[in-house]
Structure formats: C-alpha cells, structure tokens
There are 2 protein chains.
Amino acid sequence: MSDVAALAGVSHQTVSRVLNGHPSVRPETRERVAEAIAQLGYRRNSAARTLVTRRSGTLGVVTPATALYGPTSTLVGLEEAARVVGWFVSVATIRQFDGDSMHNALEHFLGQGVDGIAIIAPTTEVAQAIAAIASPVPVVLISSASDVPPVPHLHAVGVDQRHGARLATQHLLDQGFSEVVHVAGPQDWFDAQDRLAGWREVCGPGAPEHIEAGWDAADGYELGLRIAREGVPSAIFAANDQLALGLLHAFWEKGVRVPDDVAIVGFDDEVGAAHYTPPLTTVRQDFGALGRLAVDSLQAAFAGKDVARQQIPAELVVRASSVRRA
Amino acid sequence: MSDVAALAGVSHQTVSRVLNGHPSVRPETRERVAEAIAQLGYRRNSAARTLVTRRSGTLGVVTPATALYGPTSTLVGLEEAARVVGWFVSVATIRQFDGDSMHNALEHFLGQGVDGIAIIAPTTEVAQAIAAIASPVPVVLISSASDVPPVPHLHAVGVDQRHGARLATQHLLDQGFSEVVHVAGPQDWFDAQDRLAGWREVCGPGAPEHIEAGWDAADGYELGLRIAREGVPSAIFAANDQLALGLLHAFWEKGVRVPDDVAIVGFDDEVGAAHYTPPLTTVRQDFGALGRLAVDSLQAAFAGKDVARQQIPAELVVRASSVRRA
DNA sequence: GGCATCAATGTGAGCGCTCACCCCGATGGC
DNA sequence: GCCATCGGGGTGAGCGCTCACATTGATGCC
C-alpha cells in the first residue's frame with residue numbers, strides 16, 4: 001500500500017480512502033491512485049483489514065456432506081445471495097448431525113472470524129446443539145422448524161414444508177383419490193416432520209398410518225416392493241422425489257401402473273423429476289429466495305433488529321404421475 | 001492472548017507455542033495454558049495469524065452456480081479432502097464461463113489471501129481465461145482436459161472421462177449392439193469432448209456421426225422424440241445420466257422399449273440412476289478420490305514439486321438398461 | 001571446573017491495514 | 001479583516017499474532 005501511495009504521491013491513508021470509496025477525495029487524486037494500483041497490480045490484504053475492522057465479510061455455511069438436492073441447492077442459493085451483498089462464503093460440511101460435529105464446525109468458523117453463520121442442518125439434534133452454543137455472531141438456521149428454541153442471535157428461515165405438504169395432499173384428494181398414504185422421511189429431520197404434519201392436517205383424523213423411511217431412492221424401492229405385495233393404496237405422497245423415484249421403480253417392476261393403479265406425488269422438484277416414468281408431480285422450493293431471505297435475516301440481525309421467523313411458500317407442480325388419464 | 005498468558009503465568013509467545021503444537025514446551029506448562037484458554041473461552045484470531053504468516057489455510061473453490069451432480073459432488077469431495085489436511089474451503093460460484101467471470105472470481109480469492117485455488121470449471125474458455133491470469137498461488141483445474149495449456153502454477157486433475165467413455169462403448173459392443181450412437185454434451189465442456197473422443201476411439205472410423213446436445217434431461221427428451229420418429233439405433237451412449245433420463249422418458253412415451261429396442265448407457269451414476277425405468281447402466285466417478293487428488297496436487301505445488309497431470313480411472317456400473325433380456 | 005549444548009521460555013519488532021485525530025488552505029458571513 | 005467552517009489530506013497508533021533472537025538454567029563431556 002505504501003508503494004502505491006508513493007507512486008501516486010499521496011499518503012497511505014488516501015489510498016485507503018480511495019479503496020473504501022470515501023467521498024472526500026478529489027476525483028483527480030482518486031484517479032491517480034487508481035492508476036498506481038493498476039500499474040503495481042496491488043491487491044488489498046484482507047487479513048490486515050479484517051484484523052482491524054473485526055469484520056471478515058465472510059459468511060460461514062454449515063451443510064451436510066452429501067450431494068442431496070435440497071442442501072446443495074440451498075448452498076447455491078446462499079452463495080448467490082451472499083455475493084450480492086458482497087460477502088464471501090466459507091463452507092464446512094458435517095457428516096454426522098451430533099452436537100460435537102456442530103460444535104467443531106461453529107468453532108472452526110468463529111476462529112476464522114466469520115460475520116455470520118448459516119446452517120443447513122435439518123435435524124432436531126443439530127438445532128439443540130446450536131442453541132447450546134453461545135455465538136458472538138448471528139446464526140441463521142435454514143429450516144422450516146416450528147419449534148426452534150428461542151435463543152438470542154439464532155434466527156430461522158425456511159420454505160414452508162407444511163404448506164407444501166398440504167398442497168400435495170389436497171391435490172391428490174381433489175383428483176378423487178380418497179386414500180392418500182404418506183411415505184415419510186426420517187423423523188429426526190425437521191422437513192420430514194413438517195411434511196408429515198402437513199399431510200396429516202389435510203387428511204384429518206381418519207388418515208391411515210404413515211410409513212417412515214429414509215431419503216433415498218433405495219428406501220423408496222424397498223418400500224414399493226412391500227406395498228406392491230401387501231396392497232396398493234389409491235395415492236401416495238412421498239416425502240421427497242428420490243423416495244418417489246424408488247416407488248416408481250418398484251411399481252414398474254411389479255406391473256403396478258402409475259397413475260392408473262396408484263397416483264404419486266413427490267417433494268423437491270429435483271432436476272429430472274419432469275422426466276421420470278411417468279413425469280412426477282411434486283412440490284417445488286425456491287432456493288434462490290431462501291438464500292436471499294437467510295442473508296436478509298443476518299443483515300437485519302447486524303442492524304440489531306429482531307427478526308421474525310420467516311417462511312417461503314412452496315409451489316405445486318402437477319405432472320402425469322398424479323393425474324388420472326381421461 | 002495476553003490475557004491467557006497472564007492467567008497461565010507465561011508469556012504470549014508460550015501461548016503461541018502451545019497453540020501451534022511446538023515441541024519445546026513442558027507438558028506441565030502446556031496444560032496450564034490449555035486450562036487458561038478453556039477458562040477464558042479464548043479463540044485464536046486467524047486474521048492476525050494470516051497477516052503475519054501469509055497463509056490463510058483457505059482453499060478457494062470456483063464452481064458453476066448449478067446443482068448439477070458432477071460439480072456439487074466434486075465440491076463435497078474437495079471440502080472433505082481439504083478438511084483432512086486442515087484447510088478451510090471458500091466458495092465462489094460463476095454463472096457464465098467467460099474470461100471476465102473467471103477473472104473476478106480469481107481476484108476475489110487472491111484478495112482474500114487463499115493459499116490455493118481449485119476450479120471446477122469445465123469449459124475451454126475458462127481454461128484459457130485462467131491460463132491468462134498470473135496467480136501468485138497454485139491453481140488446480142478439476143478437469144480431464146488433455147490440452148490444458150502448460151502454464152506454471154496451473155495443474156490439472158480429473159477423472160479419466162475418455163477411459164469411462166471407452167468402457168461404456170465397449171460394453172455396448174460386447175453386448176452385441178453393433179450400432180452405438182453417441183449423444184454428446186456441449187462441446188465447449190472438456191468432459192463432453194473427452195467422452196466423445198473415448199466413444200470414437202472404440203467405435204473406430206466407421207462410427208456414425210454423434211449428436212450434440214446440452215446436459216439436461218429436457219435436451220435428452222427432445223432428442224429422444226426425434227430419434228423415435230426418425231429411427232432407433234440399437235444402442236445409445238449418452239454423455240450424462242440426465243440426458244439418458246430424458247431419452248428414457250421419450251422412449252417410454254413413444255413405446256420404444258429399453259433395452260429391447262435400444263440399449264442405453266449414461267455417465268455419472270447420479271443418485272437415483274439405479275432406479276430409473278429401467279435402471280441405468282452408467283459410468284461412476286469417484287469424487288472423493290478426485291478431491292483428495294486435487295488437494296494433494298496443491299500441496300505438492302507448495303512443496304515446489306512439479307506435478308504431473310493425474311487422472312483417476314472411471315468405473316462401469318452395469319444395470320438393466322444395457323443388458324438384453326434372455 | 002569450564003565450556004559447549006540444548007531445552008524452555010521471554011522480548012521486541014512488524015505483518016498491512018483502518019481509525020481517531022490533526023493540519024492546512026479556501027471560503028463565507030459579519 | 002477576523003474567525004468559524006469545511007473539503008481534502010496527512011500522521012501515528014494499534015489490531016493480535018508469529019518470527020528472529022535473546023536469555024536462563026540444567027546437562028554433558030573432557
């Protein structure tokens with residue numbers, strides 16, 4: 001920086017002012033400095049800057065170590081939103097959702113001096129672990145959880161999973177399928193809990209028991225084989241598209257026709273869901289909006305505002321798997 | 001840090017030594033310091049550390065702003081490998097593969113003081129843009145490109161796409177399908193180029209013309225409709241699983257049976273490919289190994305070693321879509 | 001016993017930047 | 001003509017850490 005200052009014939013402080021867009025620098029001076037910067041190929045050292053400002057301009061994102069559609073899409077959404085407001089994104093993945101892993105990930109980020117933390121960490125255990133850690137920076141939980149403990153500096157934003165589940169279930173009922181079975185995801189995940197709850201709300205007290213599974217297509221496949229053997233309901237609402245895909249596979253294999261024998265609706269609108277056999281009716285989530293909401297919520301936290309929990313509505317995408325052919 | 005030193009009754013330097021695992025500290029002293037650290041909830045300020053060591057312990061990863069399976073899996077693989085050697089991962093996504101976007105992303109990271117950069121940026125244009133930028137830190141290109149310009153500090157690692165394509169094509173020929181058509185990906189992507197080249201190597205000069213498409217299932221679907229209309233070959237090697245999925249969709253819709261009328265092989269082994277209709281034969285890439293290789297290669301670069309370009313072999317996964325039923 | 005050696009620890013400087021504060025000269029109001 | 005004001009810019013301190021070097025006492029060897 002002092003080299004630049006020398007070349008431009010100003011003080012280091014003026015260079016700093018130019019770099020930070022301070023108003024009280026003559027355009028002429030500003031230009032001279034800019035030229036010197038370009039000529040020397042100077043780049044500001046952000047470590048020094050962070051050291052004195054105590055702000056790194058970095059958002060830490062904790063995400064499960066998988067290529068699952070939801071988490072990765074959320075990560076992309078967050079990165080985009082963060083970049084818009086000039087933040088870098090640092091990533092830590094966790095393999096297990098226990099308190100220790102979370103604790104390590106948070107320590108990792110706090111040591112790094114991030115300005116805020118977003119956690120794509122969808123289980124109740126994780127939420128509890130986070131609530132137990134005092135963080136000097138705001139933390140936003142990406143989750144639709146309706147029961148996140150009210151801890152200071154801990155915010156929550158999410159896509160309204162329950163609403164999405166209601167849309168899916170209601171759609172099946174509207175199509176005339178009276179018996180809607182729910183293949184639920186792992187119940188320690190918030191999203192799985194909420195999708196189950198939304199389904200139950202619409203089905204009412206007379207609903208059949210749900211079936212709990214994992215998130216993978218393999219789980220859906222196993223279950224599909226069992227269902228084909230033990231009796232096929234008129235409609236199934238699967239907790240995500242992968243489960244639905246596994247069901248489709250099993251039913252195809254066993255000669256159970258979709259949607260003629262059983263209608264299916266998924267959740268996520270994964271890349272490719274429009275091209276399953278048959279194309280899958282599903283619930284789409286707007287991950288771009290989710291990322292923006294998370295970043296907004298962190299910024300509000302910096303400004304000292306108390307941020308209400310916010311949810312983004314989900315959207316039903318109707319395709320062939322749930323529409324009875326004429 | 002001085003608080004910790006005072007509480008432990010040592011100098012700041014001893015605290016630093018404990019933090020860095022320096023050997024010449026008495027176990028007794030070490031413990032006293034550790035206790036003081038715990039008691040005060042002290043966390044080392046990494047900005048100050050970076051400022052003086054000129055190493056941030058951060059790996060910058062540039063990746064396309066999509067939830068595509070390949071790039072996201074590679075990101076996860078990189079993060080895992082980076083964490084093992086104690087690096088943080090910072091992410092920048094790019095929406096366009098032009099020189100400007102790349103330049104911005106690199107500037108972004110260099111200003112942030114990353115120790116190395118990994119680029120999941122698979123087009124020729126990107127590679128040229130990178131080669132044109134002088135980087136003070138090592139850069140590794142995640143790519144199977146056989147023609148990356150030999151620029152100092154620019155390394156390349158990748159999964160051997162050409163080998164994978166040969167496996168896929170040979171498999172189809174071995175199954176007795178004499179006419180193997182290739183639905184290629186966008187030819188400005190290295191991976192698409194190499195998969196095309198591998199296919200052509202095996203097919204020999206008498207090969208039919210390939211068909212170029214995008215990466216999406218929608219592209220495969222459009223193409224599938226056209227193929228069903230204009231004449232179905234005995235086998236198709238699709239450049240990725242999404243294309244294959246689109247083909248399956250179109251063929252199913254038009255009553256073209258797979259693999260009876262046409263055998264299909266994809267590439268990627270995406271989550272779910274085992275449950276397509278029918279389950280898809282495809283080529284699997286080991287993204288975990290890829291991440292480790294990339295990190296190794298950066299570490300070798302630090303050590304001043306000249307790193308040869310390295311490739312990871314691909315693996316064929318045979319499923320129903322390419323095996324003629326008895 | 002004297003000296004080299006080494007383990008264990010302390011001291012001070014400085015990494016590159018921003019912040020608070022100071023300084024100078026031009027302007028304007030009375 | 002005098003002083004308050006303000007735009008434009010300079011000065012020095014210090015953020016929290018590590019590095020190079022200094023210091024001390026214990027040990028070993030002749």
Side-chain angles (χ1 to χ4, degrees), chain A residues 1-37 40-58 86 88 107-115 136-137 302, chain B residues 1-37 40-58 86 88 107-115 136-137 302:
Chain A
M1 187 153 122
S2 64
D3 293 351
V4 172
L7 182 60
V10 296
S11 76
H12 62 128
Q13 175 59 3
T14 298
V15 176
S16 172
R17 277 193 262 258
V18 170
L19 253 28
N20 293 318
H22 194 281
S24 73
V25 177
R26 251 186 315 176
E28 178 191 321
T29 312
R30 183 182 304 276
E31 196 166 326
R32 228 170 49 241
V33 171
E35 212 166 291
I37 288 173
L40 266 53
Y42 166 80
R43 253 188 304 265
R44 169 162 59 187
N45 180 320
S46 74
R49 187 169 205 239
T50 297
L51 182 57
V52 48
T53 58
R54 290 149 182 295
R55 301 187 125 255
S56 61
T58 299
F88 302 126
E107 278 298 322
H108 165 132
F109 280 141
L110 294 177
Q112 207 189 2
V114 298
D115 292 344
V137 303
F302 291 133
Chain B
M1 187 155 121
S2 64
D3 292 351
V4 172
L7 182 60
V10 297
S11 76
H12 61 131
Q13 176 59 359
T14 300
V15 176
S16 172
R17 277 192 262 260
V18 170
L19 253 28
N20 294 318
H22 194 280
S24 72
V25 176
R26 249 186 316 175
E28 177 192 321
T29 312
R30 186 184 302 279
E31 196 168 326
R32 229 171 47 241
V33 171
E35 210 166 292
I37 286 174
L40 266 52
Y42 166 80
R43 252 187 305 263
R44 170 160 60 186
N45 180 322
S46 74
R49 185 168 205 236
T50 298
L51 182 58
V52 47
T53 59
R54 291 150 180 293
R55 302 186 126 255
S56 61
T58 299
F88 302 126
E107 278 298 322
H108 166 131
F109 280 141
L110 295 177
Q112 206 189 2
V114 298
D115 292 344
V137 302
F302 290 134

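Treat the numbers as computed from the prediction; the structure is a model and nothing was measured.
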Problem - Close approaches to DNA chain C from residues 25-35 of chain B, in residue order (heavy atom, under 4.0 Å) - result: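 Heavy-atom cutoff 4.0 Å gives B:Val25, B:Arg26, B:Thr29.
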Exercise for the section: Rounding to 10 degrees, work out the angle separating the end axes of the helix from C:dG1-D:dC30 to C:dC30-D:dG1 (five pairs an end). Expected result: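 About 40°, once rounded to a multiple of 10°.
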Handout entry: Partner residues of B:Glu31 under the salt bridge (Lys or Arg N to Asp or Glu O under 4.0 Å) criterion, sequence neighbours left out
Key =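 None.
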Practice task
Would you please name every residue forming a salt bridge (Lys or Arg N to Asp or Glu O under 4.0 Å) with B:Arg43, sequence neighbours left out?
Solution key: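 With neighbours one apart ignored, the set is A:Glu107.
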Handout entry: side-chain contact (heavy atoms from CB on, under 4.5 Å) partners for A:Ile37, two or more places apart
Key = A:Val4, A:Leu19, A:Val33, A:Tyr42
Please tabulate, one pair per line, all N/O donor-acceptor pairs under 3.5 Å involving side-chain atoms of residues 10-17 of chain A, not counting sequence neighbours.
unit_1: A:Ser11; atom_1: OG; unit_2: A:Gln13; atom_2: N; d: 3.3
unit_1: A:Ser11; atom_1: OG; unit_2: A:Thr14; atom_2: N; d: 3.4
unit_1: A:Ser16; atom_1: OG; unit_2: A:Asn20; atom_2: ND2; d: 3.4

Please give, in whole Å, the distance from [N] [atom2] to [X] [atom1]?
X: B:Leu51; N: C:dG16; atom1: CG; atom2: C1'; answer: 5 Å
X: A:Arg43; N: C:dC17; atom1: CZ; atom2: C1'; answer: 16 Å
X: B:His22; N: C:dT9; atom1: NE2; atom2: P; answer: 11 Å

Problem - Minimum heavy-atom distance between A:Gln112 and B:Thr58, given as atom pair plus value - result: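 Taking A:Gln112 first and B:Thr58 second, the nearest heavy atoms are NE2-OG1, 4.0 Å.
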Handout entry: Smallest separation among heavy atoms of A:Leu51 and B:Ala47, with atom names
Key =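 Smallest heavy-atom distance, with atoms named: N-CB, 3.9 Å.
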Handout entry: Side-chain N,O (B:Ser24) to OP1/OP2 (C:dA7) below 4.0 Å
Key = no
Practice task
Name the nucleic acid region contacted by A:Thr14, choosing base, sugar-phosphate or nothing; use a 4.0 angstrom heavy-atom cut-off, strictly under.
Solution key: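 Sugar-phosphate only.
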Can you check nucleotides 18-20 of chain D for protein contacts, nitrogen or oxygen pairs under 3.5 Å, and list what you find?
unit_1: D:dT18; atom_1: OP1; unit_2: B:Asn20; atom_2: ND2; d: 3.3
unit_1: D:dT18; atom_1: OP1; unit_2: B:Arg44; atom_2: NH1; d: 3.0
unit_1: D:dT18; atom_1: OP1; unit_2: B:Arg49; atom_2: NE; d: 2.9
unit_1: D:dT18; atom_1: OP2; unit_2: B:Ser16; atom_2: OG; d: 2.6
unit_1: D:dC19; atom_1: N4; unit_2: B:Gln13; atom_2: OE1; d: 3.0

Practice task
Using the salt bridge (charged side-chain N to carboxylate O under 4.0 Å, His left out) rule, collect all pairs that involve residues 44-55 of chain B, keeping only residues at least two apart or in two chains.
Solution key: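 As it turns out, the salt bridge (charged side-chain N to carboxylate O under 4.0 Å, His left out) pairs with a partner in residues 44-55 of chain B, which skip direct neighbours, are B:Arg55-B:Asp115.
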Exercise for the section: Would you mind telling me which of C:dG16, D:dG16, C:dT9 lies closest to the side-chain atoms of B:Asn45? Expected result: D:dG16
Exercise for the section: Quick one: list whatever passes side-chain hydrogen bond (donor to acceptor under 3.5 Å, both in side chains) with B:Ser2, sequence neighbours left out. Expected result: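 In terms of side-chain hydrogen bond (donor to acceptor under 3.5 Å, both in side chains), with neighbours along the sequence ignored, B:Ser2 is linked to no residue.
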Practice task
Using atom types as modelled and distance alone, determine if a side-chain donor or acceptor of B:Ser46 lies under 3.5 Å from a backbone N or O of A:Gly111.
Solution key: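 Yes: the side chain of B:Ser46 pairs with the backbone of A:Gly111.
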Exercise for the section: Mind checking ring-ring contact (aromatic ring centres under 6.0 Å, His included) for B:Phe88 and listing every partner two or more places apart, or none if nothing turns up? Expected result: A:His108
